[in-house]
Student: 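Attaching a single structure in structure tokens format; questions to follow.
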Amino acid sequence: MAKVKTKFICNECGGEFPKWFGKCPECDQWNTLIEEIEQKGSKLSSAAAVGLSKPVTLQDINLSLETRLKTGMDELDRVLGGGIVLGSLILVGGDPGIGKSTLLLQLSENIGSSGLRVLYVSGEESIAQIKIRASRMGAASSNIYLVSENSMDNVKHHIGNIKPDVLIVDSIQTVYSPDVTSAPGSVSQVREVTLALMSIAKSSNIATFIVGHVTKQGAIAGPRVLEHMVDTVLYFEGESHMSYRVLRGVKNRFGSTNEIGIFEMGDVGLTEVKNPSQMLLSGRMKGASGSSVVCTLEGTRAMLVEVQALLSLSSFGVPRRNATGVDYNRVSLLMAVLEKRVGMQLGNSDSYVNVVGGIKITEPAADLGIIAAIASSFRDKEIDDGTIIFGEVGLAGEVRAVNFAEKRIIEAMKMGFKTCVIPRNNADKLASIYDIKVIGVQDVKEMLDIAVGGK
Ligand code: TYD
Ligand code: MG
């Protein structure tokens, strides 16, 4: 009997090796190599070689005018770059229970009621379970075809029969191809099934959504390779105990990334949040110290967010420091700037910094607002509640210009704020244009004198 040949595949990067390693030689991750039986040439690769394609020039390619499908949800359309591109492969990743299936079922309902066909393949839930969710959300389109299926061969069969415009596979880890011997969810399986879906999507012009589970480290289970293969990667994020969900584009061949869509999970599924600033500022307590409002930019969208800080005398030798929604190291750096450049003695204080609403701020434009919140709590002096503060802070305590200052100011104006404290370089260019007081500051000290009651 011929010996069965095996190989080892890395669950993270998809690298293949003839023998086992504790640490993957390609991506340096530990314990990610899994043994799999070697296939004698995948069916797909040989099939691809048969159908020889014909090269065409750019001028000869005709794009029909209506190549993008509207999803009926502006938040989703924006993240996708203006709607679904037909024939594209879209990966939707996220933690279990975050609402991926709910989002896609809602999408199916919208597409279905616009007269197009949707095939929803669920490898995780039974038809009855999906029906329960659908009736809760009021989804009842007769153009949605549901099937509970795990075999890729059967899925192909259903696609052939139903000829959907949009296909949803929930989730990729539960669908397997019988041609590959390894278990569903393994790298080879996920890769094989995705390749098969890709070739169907491109040849039949079916927009395909793939749900992918996220591992503990936060990557889509197993294969990074999956992200390389698809056209668009969306992550659905949020704290499971909060009702807000953020849909984030991380890769998009048909639009800009870094766009976000905000949703709220309620009793009847997800609702779009059209005015995030209003939502994020809604529970704000007026007149409390340690609270500042910053304007952060997510993609093309300006959002007002409240940053809170609480400093209290530490009862231990080493003070506690905690940051939620902003980078911990960035907060430490900003506190060091306050100590060194302003002379604020923070060494004996426990400090907690929190961005309200479960939002994560990654851009440095929030620096000045964070500093203001910390100083406000330390001095126990509140910041005027009609003021927003933003700007990047350098190590010398200088306030540096940020991009899209104008957009941020307009958002503040829309939300009824009266004063903006911003970098001097930005202010010089637009101080007198708007019906809102714009104050330019050069360094942290100047900002504190203006916004946090001086010394
Ligand atoms: P689900 O879409 O199943 O998550 P995923 O597919 O990402 O695993 O969403 C599950 C969660 O959403 C579940 O905890 C219940 C909650 N939920 C609501 O709060 N309201 C609703 O209307 C629906 C359908 C779900
Ligand atoms: Mg699900």
Student: Using side chain to side chain contact (heavy atoms under 4.5 Å, CB included) as the criterion, list what pairs up with Ser277, not counting sequence neighbours.
Tutor: Asn275, Leu304, Glu411, Met415
Student: Looking only at the side chains, is there a donor atom on one of Asp170 and Ser122 sitting less than 3.5 Å from an acceptor on the other?
Tutor: no
Student: OG/Ser292 to CG/Asp384 distance, rounded to the nearest 0.5 angstrom?
Tutor: 12.0 Å
Student: May I ask you to say whether Asp443 pairs ionically with Arg400, meaning some side-chain N is under 4.0 Å from a carboxylate O?
Tutor: no
Student: State whether a side-chain donor-acceptor pair under 3.5 Å links Glu124 with His213.
Tutor: yes
Student: Could you work out, with side chain to side chain contact (heavy atoms under 4.5 Å, CB included) as the rule, every residue matching Tyr244, not counting sequence neighbours?
Tutor: Glu264, Met279
Student: Under a 4.0 Å N-O cut-off, is there an ion pair linking Arg330 with Asp367?
Tutor: yes
Student: Any Lys/Arg nitrogen of Arg301 or Glu259 sitting under 4.0 Å from an Asp/Glu carboxylate oxygen of the other?
Tutor: no
Student: Would you mind telling me which of Ile84, Asn110, Leu270, Leu247 makes a side-chain contact (heavy atoms from CB on, under 4.5 Å) with Leu76?
Tutor: Leu247
Student: Any side-chain donor paired with an acceptor under 3.5 Å for Asp60 and Thr57?
Tutor: yes
Student: Can you name the residues that form a side chain to side chain contact (heavy atoms under 4.5 Å, CB included) with Ser351, not counting sequence neighbours?
Tutor: Leu311, Arg321, Met335
Student: Taking everything shown except Lys251 itself, do over 12 heavy atoms lie less than 6.0 Å from its NZ?
Tutor: yes
Student: Mind checking the CG-CZ spacing from Asp267 to Arg136? Nearest 0.5 Å is all I need.
Tutor: 6.5 Å
Student: How many angstroms lie between CD1 in Ile200 and CG in Leu195, if you round to the nearest 0.5 Å?
Tutor: 11.0 Å
Student: Working to the nearest 0.5 angstrom, can you tell me the gap between Leu334 CG and Asn329 CG?
Tutor: 11.0 Å
Student: Is the closest basic N to carboxylate O distance between Glu125 and Lys100 below 4.0 Å?
Tutor: no
Student: Just so I know, are the side chains of Val438 and Ile409 near enough to count as touching, which here means a heavy-atom distance under 4.5 Å?
Tutor: yes
Student: Is it true that atom CG of Leu395 has more than 12 heavy atoms of other residues, nucleotides or ligands lying nearer than 6.0 Å?
Tutor: no
Student: For Lys156 and Asp153, indicate whether the former's side chain and the latter's backbone hold a donor-acceptor pair under 3.5 Å.
Tutor: no
Student: Would a distance-only check, ignoring hydrogens and angles, find a side-chain to backbone donor-acceptor pair under 3.5 Å from Asn252 to Phe254?
Tutor: yes
Student: Hey, is the main chain of Val402 close enough, under 3.5 Å, to the side chain of Asn426 for a donor-acceptor pair?
Tutor: yes
Student: Taking atom NZ of Lys202 as the centre, report whether more than 12 heavy atoms of other residues, nucleotides or ligands fall under 6.0 Å from it.
Tutor: yes
Student: Does any non-hydrogen side-chain atom of Leu280 lie less than 4.5 Å from one of Val356?
Tutor: no
Student: Drop me the distance from Ile111's CD1 to Gln106's CD, to the nearest 0.5 angstrom.
Tutor: 12.5 Å
Student: Below 4.0 angstrom, N of the basic side chain to O of the carboxylate: do Glu382 and Lys286 qualify?
Tutor: no
Student: Under a 3.5 Å threshold, yes or no: a donor from one side chain and an acceptor from the other, between Glu192 and Ser177?
Tutor: no
Student: Where the side chain of Ser203 meets the backbone of Ser199, is there a donor-acceptor pair that is under 3.5 Å apart?
Tutor: yes
Student: Around atom CZ of Arg320, are there more than 12 heavy atoms of other residues, nucleotides or ligands at under 6.0 Å?
Tutor: no
Student: Rounded to the nearest 0.5 Å, how far does CD1 of Ile388 lie from CD of Glu306?
Tutor: 13.5 Å
Student: Is NZ or CZ of Arg245 both nearer than 6.0 Å to the six-membered ring centre of Phe236 and within 45° of the ring axis?
Tutor: no
